[in-house]
Amino acid sequence: REPTAGASVLRLGALKGPSGIGMVRMFESPPRLSRGDTLELQAVPSADAMAAKLVAGELDAAVLPVNLAAKLYASGLPYRLAAVVGMGMVSVVTTDPAVRTFEDLAGREVHVAGQGATPEYLIRTIAEARGLDPDRDLNLAFRLPYPEIAASLAAGRISLAVLPEPFATQALAGNPRARVPFSLDELWKEATGRPGYPMTALVIRDAVLRDRPVSASALLAAYADSIAWVRAHPGDAGVLVEKHDLGLKASVAAAAIPRSAYVFIPAPDARADVEALLAVFLRIAPKSIGGRLPDPSFYAEIPKR
Amino acid sequence: MPYSLRDIRKSYGNLSVLDGFSLDLAEGKVTAVLGPSGCGKTTLLNILAGLVPPDSGELQGLSESRFSYVFQEPRLVPSLTALENVELVLRAVFGSPERRDRALSLLAAVGLSGSAGLRPRQLSGGMRQRVSLARAFAYPADILLLDEPFQSVDLRTRIGLMDAFLDLQTADPRTVVFVTHEVKEALYLGDRVVVLSDKPARILDRKELLLPRNRRRFGSSDLSDVEAAIYRLILG
Amino acid sequence: MPYSLRDIRKSYGNLSVLDGFSLDLAEGKVTAVLGPSGCGKTTLLNILAGLVPPDSGELQGLSESRFSYVFQEPRLVPSLTALENVELVLRAVFGSPERRDRALSLLAAVGLSGSAGLRPRQLSGGMRQRVSLARAFAYPADILLLDEPFQSVDLRTRIGLMDAFLDLQTADPRTVVFVTHEVKEALYLGDRVVVLSDKPARILDRKELLLPRNRRRFGSSDLSDVEAAIYRLILG
Amino acid sequence: MRKSRSAEPHRGVPGAAAGAVGALAFLLLWELAARAVGSEIVLPSPPRVARAAAELFPTVRFLAALEGTFLRGILAFGISLAAGAAVGLVCGLSPVLASALSPALTVIRATPVLAVILLALIWFPSGAVPVFAAVLMAFPVVVADVRQGVRSADPGLLEMARLFRLRKRDRIRSIYVPALAPYLASASHGALGLCWKVVVAGEVLSQPARALGTGMQGARIQLETAEVFAWTLAGILLCALTDAAFKLAQRKVPRALLPS
Amino acid sequence: MRKSRSAEPHRGVPGAAAGAVGALAFLLLWELAARAVGSEIVLPSPPRVARAAAELFPTVRFLAALEGTFLRGILAFGISLAAGAAVGLVCGLSPVLASALSPALTVIRATPVLAVILLALIWFPSGAVPVFAAVLMAFPVVVADVRQGVRSADPGLLEMARLFRLRKRDRIRSIYVPALAPYLASASHGALGLCWKVVVAGEVLSQPARALGTGMQGARIQLETAEVFAWTLAGILLCALTDAAFKLAQRKVPRALLPS
Ligand SMILES: Nc1ncnc2c1ncn2[C@@H]1O[C@H](COP(=O)(O)OP(=O)(O)OP(=O)(O)O)[C@@H](O)[C@H]1O
Ligand SMILES: Nc1ncnc2c1ncn2[C@@H]1O[C@H](COP(=O)(O)OP(=O)(O)OP(=O)(O)O)[C@@H](O)[C@H]1O
Ligand SMILES: [Mg+2]
Ligand SMILES: [Mg+2]
């Protein structure tokens, strides 16, 4: 499915849910690329499905978790990281007034959404940096899926959890006693010296970068514009999210946007942050990124327009 | 007349099997029923037993009675042995040791002492029929319905069974309806013989057999005039 | 002697049913078999038909033959009508119109023209038995096995059936084994009568009936000396 | 006149009355449980769900979802039943083929969809994944039933068929198919329920455009539990309706299965 | 001497040989499919999965997971079978109760676990959620089979029982239970497969500590498809083993069910 010399359609996959919010404006008004190339967007329900579509070569570009991008690259798929599009959006939420610092998590049941994903590794890394043994001193519970953790917090069934957006926002909205006692981003900065941790990335097919560099950079520019617009207009973006069926209600999306770090950091600039995060994965679960840090050619150089 | 049917009508679809049929059963007596195949004999027994509701008509003295029935097919429980099949119907009536004794003695009476532990599919056709007989005799009923009970049983065994039946009947007379195709059997066991027409079944003739039971012999010529009359009726 | 059993042994568990049993079947002749209930008559027919393997012994001329069988129970397909049940066994042999004609004419011969469209559970016991007979007669077999074929059939119909059988047999003689408990039937239909002992079944006696078939009458006294001898043997 | 007791299911008035009583009892239990839980997010009460359903059901989005799920469920059921009956028949009739197919069948019986979801996502469009999941679930159940049904064929009739040298197809139509019928009935009943359930669950996984499961997942993520229950209610109604249709059809079918 | 053909399944040598051929054919198909797909992430080849299994199976973590899943599967199967048989029996025997229970049964038949997962997670510890999910799935299948089994009881024998005024329990033990037996056999076969499948899927959802599903999900998140297949293989082996154990038991049980 290599694009030919003539005009072609680039297919971009967006993850349903919070990761898709940043590109909602592209759904509303698809950008024109160069040489008559057009962009076709599709909302993909899960990271699994996204991986499947990339493996099957059905997509030319896709948004997906950073570690998954590294894993696919390590498996020999011809996609490269073009930009980080979402930074850390994970918070500790609690209804218990006694919880004030990270150390207060010790010995208590902390519900974490997503075993083997960023939230877990984030907590582990911060804990170790602060001299806690995550397996002995922390009691991490993985049994509840994301929406159920938020629901349980809202209903007062549990009191302490680690949640990504927009679920953290929902939990806060659902229970007036819920609050965020401290910022995980800050602790991450202290632990790793990096300003933030990237969560989602945009990958582009090798051949597109090589044969259609102009279209590729137009795509990136459109993406960057969309993110800027979304951050500036959370309410309007929420409406579009619901309209394009990206899996969130307008109100929820609108409330979550200001609390989420939608960014657009081109690959060369993001490399240090990405490597810091992948190093964590590599240490705790090497297989999840393919057993090694990706080589430099993972990070695409995008020609400026 | 404690037991009777009055003006019974029964049809299956538009096939009329009984139409204005009446019959009285004398208590403690054996009514032998002869009739062509498919005329309604089994239907009649089923109506007496309350297994088939008549379309109209009256039944008297029957709903309170306890019935025993030798069905036209043996209807044994396939998963139970001969002995267990007989015991099964006694479970609600007798305690354990009495039940077993009674079942064993009736299996002996039908000549199956040696086969009490076999299941129906290990029995021959005639043996199954005899288990069904033993079951019906073992059950303490007021009314005994016999639908061709000696099917598939050889002559010698059959005479033994009939004699055993007559002994039981003399010791403890029950009201019996006995359907058969053998005139000689009807004459040997019956106190009365009823001959039915083809469907819808009507009573073509009824003969009271006044010769006392203990003076009858199977196939004897004492009743040969009655026998001849019945043959004439049957063979037309 | 085209068909024969030699030195057959068959037991179920440690119950010996046949032990060194031999029998020849004359082609085109009717062998009537009498014997006590449970002695092994059905087992014998099943071995002839190849439905039950003997433990040891030899069978000659049988494996290539086509059989027809009136089983001891009717064995009709419950979901098919009487007519369809008869047609079923003809499907592999005859084309559609011929098959139907043949099935209808045999149902007529057993007196069931009016019930051809009924399913087994709508038929009386005797009617089912007659469908089974019609099916066996309709099927073009070399050897016809009849296991108490006239069960549950009244005397008049039974005589009609026997006469129909004799007509068929005269027109187109088949090799027949006919198990029955009625001596008179054996004498009426058989070319030879074999009397079996209790199990393990041995041949107690065999009588050749030399009176030509068209001169016999059911229950006539022409064979009364043979009949008396057989009764003596059976009743002991 | 003496009355005979009937062994038939009580259709008509008494059945409907008992059904109504049962439904009321169920709703009552639900209401009590909801009060005990005391949180709309965890377990909304029946009136709350009824309100959510009343809002949801008239929307175009809902009707489109209902249509999509309906078609998927019927398709999954049809495939499970047809393929299951064919494989079950083969396994029941031929012990050798049964042994040969047994490894593959065991794999199908025990493999959760999630294990092969990547394959499913690649091989099928997202709307077909729920169908695939439901077939994976219901097909082995149908096979088990049909196989047992073939084995339940009357040995006396099979002996008769052997003696009269019936052709294979006559044996199947006259002896095996009628023996199968009640097993097929229970297989269908079981499979129909499974199909609805698993189709909706599969939709939650694969999020096709018009699907009850997609709607349900959306409501779940938004913590709209009452709406989740309303979507579920739609699935249950689909199940109840197709059940009724199937029962009606069953009363007509047996005749059609018999040889002409 | 003439041989009679046997209708029994081919146990022993021919059955085993056919099974081996079937297994080989299945592996071959898999290998071919893997080559066609050409991606270890989507469909790893059999040798690749065998290597992953050889690495995984001796680990303590795996054995603990196997034990946990085994106990859950057996428990779910036991509950489904016992409860399904009881409810099926009641529904088969009493048409009024059948009508009364029918709304609740339809709800159970058609409600996907995901709709009530929140409740399940709150009411049960995480290890019990997979059991709950499996019961929700297998129970209605057992009910359908048992109900049909009760209906298949010989009407001639039931008439006999009525005439001789057998007690309810004698009727059940002597007439209904034997009629039920083959239906129970196929219900068990169907339910056993469902239980393994759904228990593992439920573990993926609820992530209990020692569970094949938890391990599978871990591998899934890392796109270690060969490891996912290795975990699945363990589930399939559990299914095959319990199948065999169940078949053995079945040959002994029927006698035990009969009246003493
Ligand atoms: N369930 C039924 N449905 C329709 N027709 C039936 C049913 N039961 C019996 N019949 C018809 O009713 C008639 C009488 O049947 P019944 O069984 O009473 O005869 P019978 O006198 O016992 O005959 P046999 O001596 O052959 O047993 C028969 O013609 C039969 O076809
Ligand atoms: N499948 C079997 N398993 C065990 N025993 C059997 C089996 N079939 C028959 N028998 C036994 O073999 C003996 C002969 O049976 P068979 O059916 O041949 O008798 P029969 O002569 O036909 O009797 P009847 O005149 O009563 O039909 C019987 O004692 C029976 O108990
Ligand atoms: Mg009758
Ligand atoms: Mg016999």
Side-chain angles (χ1 to χ4, degrees), chain B residues 12-13 15 17 33-43 71-74 110-112 114-115 117-118 121-130 147-148 150-161 179-184 186 195-196 198-199 218-219 230-236, chain C residues 12-13 15 17 33-43 71-74 110-112 114-115 117-118 121-130 147-148 150-161 179-184 186 195-196 198-199 218-219 230-236:
Chain B
Y12 294 106
L15 179 77
V17 176
V33 176
L34 290 162
S37 171
C39 76
K41 303 180 294 297
T42 300
T43 304
F71 297 95
Q72 197 163 3
E73 326 80 46
V110 300
L112 288 179
S115 306
L118 299 184
R121 54 170 199 79
Q122 302 174 304
L123 298 173
S124 76
M127 293 162 89
R128 268 177 238 153
Q129 185 66 30
R130 285 183 275 154
D147 201 350
E148 305 181 42
F150 307 121
Q151 273 182 82
S152 275
V153 176
D154 65 287
L155 189 59
R156 183 180 180 174
T157 311
R158 192 179 294 202
I159 292 175
L161 291 173
V179 169
T180 182
H181 290 302
E182 298 294 330
V183 180
K184 283 190 174 21
V195 181
L196 301 184
D198 206 347
K199 67 201 148 210
F218 183 68
I230 292 177
Y231 273 125
R232 240 174 289 128
L233 207 57
I234 290 178
L235 298 176
Chain C
Y12 293 108
L15 178 78
V17 177
V33 177
L34 291 162
S37 171
C39 76
K41 302 178 295 298
T42 300
T43 305
F71 298 96
Q72 199 164 0
E73 326 79 49
V110 300
L112 289 178
S115 308
L118 298 184
R121 53 169 200 82
Q122 302 174 304
L123 297 173
S124 77
M127 290 161 91
R128 267 177 238 153
Q129 186 65 30
R130 285 184 274 156
D147 201 350
E148 305 182 41
F150 307 122
Q151 275 181 79
S152 275
V153 176
D154 65 287
L155 187 61
R156 183 180 179 174
T157 312
R158 192 179 294 202
I159 292 175
L161 291 174
V179 169
T180 183
H181 290 301
E182 300 293 330
V183 180
K184 282 190 175 22
V195 181
L196 300 184
D198 206 347
K199 66 201 147 210
F218 181 69
I230 292 177
Y231 273 127
R232 240 174 289 128
L233 207 58
I234 291 179
L235 298 177

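Residue numbering restarts at 1 for every chain, and letters A, B, ... go by the order of the sequence lines. Values in this document were obtained by computation on a predicted structure and should not be read as measured data.
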message: Shorter than 4.5 Å, heavy atoms on both sides: which option in B:Lys41, B:Gln129, B:Gln72 has the most such pairs with chain C?
response: B:Gln72
- line: Residue set satisfying salt bridge (charged side-chain N to carboxylate O under 4.0 Å, His left out) with C:Arg158, at least two apart, ordered chain then number -> B:Glu182, C:Glu185
Which portion of B:Ile159 sits near chain C, non-hydrogen atoms under 4.5 angstrom: side chain
- line: Max heavy-atom pairs within cutoff under 4.5 Å with chain C, candidates B:Thr180, B:Val183, B:Val153, goes to B:Val153
- request: Output the distance between atom OG1 (C:Thr157) and atom NE2 (B:His181), rounded to the nearest 0.5 Å.
  value: 8.0 Å
task: Please step through side chain to side chain contact (heavy atoms under 4.5 Å, CB included) for the pair C:Leu155 and B:Leu235, ending with a clear verdict.
output: CA-CA 8 Å; C:Leu155 187 61; B:Leu235 298 176; 4.3 Å; yes
task: Supply the atom-to-atom distance B:Asp154 CG to C:Cys39 SG, rounded to the nearest 0.5 angstrom.
output: 8.0 Å
- prompt: Passes side chain to side chain contact (heavy atoms under 4.5 Å, CB included), C:Ser37 versus B:Ser152? Steps please.
  reply: CA-CA 7 Å; C:Ser37 171; B:Ser152 275; over 6 Å; no
message: If you apply the rule side chain to side chain contact (heavy atoms under 4.5 Å, CB included), what do you find for C:Arg128 with B:Glu73, and how did you get there?
response: CA-CA 12 Å; C:Arg128 267 177 238 153; B:Glu73 326 80 46; 4.2 Å; yes
